[in-house]
Amino acid sequence: MIRSAAKKLVYSAFCAFPVLLFAFSSGPPIMRTGAPADGGITCVACHRTYAPADSDPRGGVQIAASPYTPGVTQTIRVTIHHPEQKRWGFQLTARLASNPAKQAGTFAVNGLVRVRCSGGHDAPCNGALEFAEHSNAQSTAVGAGFTYTVDWTPPSAAVGDVIFYAAGNAANGDGTFNGDRIYTTSAVVSPSQCDLGTLPLLSAAVNAASFQGPVSPGSIIAIFGSGFQPGGLTRGLYPADVTSGSVPVRLSCVAVEIDRKRAPMTFVSANQINVQVPAGASTSNSEVRVIVNPDAPAPVYSSSLVVTSGVYAPGLFTLDGLHAIAQFAGTETLVGDPSVNPAAKPARPGDMITLYATGLGETKPHLDAGVLVTSATPCVNQPAIAIGGIAVPPADIQYVGLVPGMISGLYQINLKLPAVAPAGDLPVRLTVGGVSSQDKVSVRVAAP
């Protein structure tokens, strides 16, 4: 079974109370935007006729926001639409992309919008989480949709990227929870001008799975050094960063070039950046450099770092550098030692398991670096795999290819453990194009 991303619905206990027979025309309860830091809860906790959220593609909710200038108010627009609905509600929150549990700036009340705080009271929130939402749901002609405007004042100093989360309710106007369609979205805004005052310094660029060299086109790598972010900020990748099915080549005023090509980015902190090597990069020696303020009039470039590269750079992702990230195929259950991780259990000979890797080379069809995978995409050249020194027959390798729903540099391997595998922590080795994955990586196998 090939894994794909799944959403878990979280339902709130308040839906059980009879007092909530009528829909929230004056605004929903707080924390219903779908923000992961708030538990991912949305309005489908009660408006469940067409659950889960976003299940009807004919409608949607959009956020329109511009790059921000610290302390300067701008107007955010939240639009809800559906061709068969006529009453519209929303909820919006703004968070630091470096820490989505923290509020970013403040919202202002207007005639159609109220602002509530994480404590449940109305604004001012004095630094607590804020939720802008309709004060009275608006009705229109069927299918007309509606746009709410919300004034937002960003923090007085630059805080890196800000992520907005919104939920929209395209309702039928019957005054109940029934027949309404819930939508969610998010949007990232960056400072209008990047002004990081640091000189980035590079110390290493290695395979992000093995933390060794070499690297290869399409592989996920980790770059180490200093001066990548100020004040201990970190910036991960969010769904709102993905546009046209691809991850960005800039995060939080930082970019990376490999052989003078921008690299898709998934993470940046003060000392580490994770990127995917672009297609067409060298397969002998690659030149890596980091750029801060990349789109400003005067970007700052690090010195170049030359790293060994090749057609293949297989690396197995691990939990701790020693134990492979492995799951029982088609499940969320980890393969491992339950005395170390109570949620894990050892595999047994003959079990189907899934491993994760990078650097396994070209796929069919070819996918560019940074593209999100939408379906099974097998490797052109299947690696040889050994578990505990025992070669896994090709017939027992169900799938080696990209992971649907993930960036195109992440591979999964579904295989059957050898029937004669002994018990213990058995070494795992991938070999493709004469290049092998790192030493001392194991998977826990119990006796039959």
Side-chain angles (χ1 to χ4, degrees), residues 1-6 207-210 216 218-220 312-338 341 343-364 367 373 375-448:
M1 177 178 179
I2 300 167
R3 296 175 55 77
S4 59
N207 184 299
S210 65
S216 66
S219 65
I220 301 171
Y312 302 101
L316 283 162
F317 285 97
T318 70
L319 295 168
D320 53 9
L322 296 174
H323 299 93
I325 297 176
Q327 293 169 304
F328 290 90
T331 78
E332 302 290 335
T333 304
L334 285 172
V335 176
D337 183 350
N341 182 351
K345 65 179 184 179
R348 297 183 183 277
D351 281 346
M352 291 292 300
I353 67 169
T354 297
L355 303 169
Y356 297 92
T358 193
L360 301 187
E362 189 57 85
T363 59
K364 185 177 182 180
L367 293 182
V373 181
S375 60
T377 310
C379 290
V380 170
N381 294 311
Q382 182 169 287
I385 305 172
I387 306 287
I390 303 168
V392 179
D396 288 344
I397 302 174
Q398 183 186 70
Y399 176 76
V400 181
L402 302 178
V403 184
M406 303 300 288
I407 192 172
S408 56
L410 179 65
Y411 300 76
Q412 73 177 71
I413 302 104
N414 291 359
L415 61 85
K416 181 187 290 186
L417 289 171
V420 295
D425 287 329
L426 303 186
V428 182
R429 179 64 61 91
L430 309 179
T431 303
V432 58
V435 184
S436 296
S437 56
Q438 70 267 37
D439 293 331
K440 299 180 180 179
V441 174
S442 65
V443 62
R444 173 59 66 95
V445 177

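Remember, it's a predicted structure, so these values are computed and weren't measured experimentally. These values consider heavy atoms only, across backbone and side chains, with no hydrogens, waters or symmetry-generated copies.
The shortest non-hydrogen separation linking P349 to A421 is CG-O, 3.4 Å. Heavy-atom minimum distance, A347 versus I353: CB-CG2, 4.1 Å. The shortest heavy-atom contact between A324 and L355 is CB-CD2, 4.1 Å. When every heavy atom of A447 is checked against every heavy atom of A423, the shortest pair comes out as N-CB, 3.6 Å. Considering every non-hydrogen atom in both V428 and S442, the closest pair reads CG2-C, 4.1 Å. Across all non-hydrogen atoms, the minimal contact from I413 to A357 is CD1-CB, 3.9 Å.
Under the side-chain contact (heavy atoms from CB on, under 4.5 Å) criterion, P346 pairs with P338, R444, A446, not counting sequence neighbours. Applying the side-chain contact (heavy atoms from CB on, under 4.5 Å) criterion to L410, with sequence neighbours excluded, gives I220, F317, Y356, V403, M406. For T333, the side chain to side chain donor-acceptor pair (under 3.5 Å) test picks out no residue, with sequence neighbours left out. S408 is linked by a side chain to side chain donor-acceptor pair (under 3.5 Å) to Q276, counting only residues two or more places apart in sequence or in another chain. Listed by chain and residue number, R429 satisfy the salt bridge (Lys or Arg N to Asp or Glu O under 4.0 Å) test with D439 (two or more places apart in sequence, or in another chain). Applying the side-chain contact (heavy atoms from CB on, under 4.5 Å) criterion to L319, with sequence neighbours excluded, gives I325. Take S210 and apply the side-chain contact (heavy atoms from CB on, under 4.5 Å) test, not counting sequence neighbours, and it matches N207, Q212, Q438.
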Could you pull out every donor-acceptor pair under 3.5 Å between side chains of residues 378-397 and any protein atom, sequence neighbours left out?
| from | atom 1 | to | atom 2 | distance (Å) |
| --- | --- | --- | --- | --- |
| N381 | ND2 | Y312 | OH | 2.7 |

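At least one donor-acceptor pair closer than 3.5 Å links the side chain of Y399 to the backbone N or O of T377. Judged by distance alone, with hydrogens and angles left aside, the side-chain atoms of S437 form no donor-acceptor pair with the main-chain N or O of P314 at under 3.5 Å.
Under the 4.5 Å side-chain criterion, counting only non-hydrogen atoms from C-beta, K440 is not in contact with P427.
Taking CG from L360 and CG from L402, the interatomic distance works out to 9.0 Å, rounded to the nearest 0.5 Å. Interatomic distance, D320 CG to T318 OG1, rounded to the nearest 0.5 Å: 6.0 Å.
Listed by first and then second residue, the salt bridge (charged side-chain N to carboxylate O under 4.0 Å, His left out) pairs involving residues 343-359 amount to none (not counting sequence neighbours).
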Candidate pair L417 and L415, rule side-chain contact (heavy atoms from CB on, under 4.5 Å), full reasoning: CA-CA 6 Å; L417 289 171; L415 61 85; 4.2 Å; yes
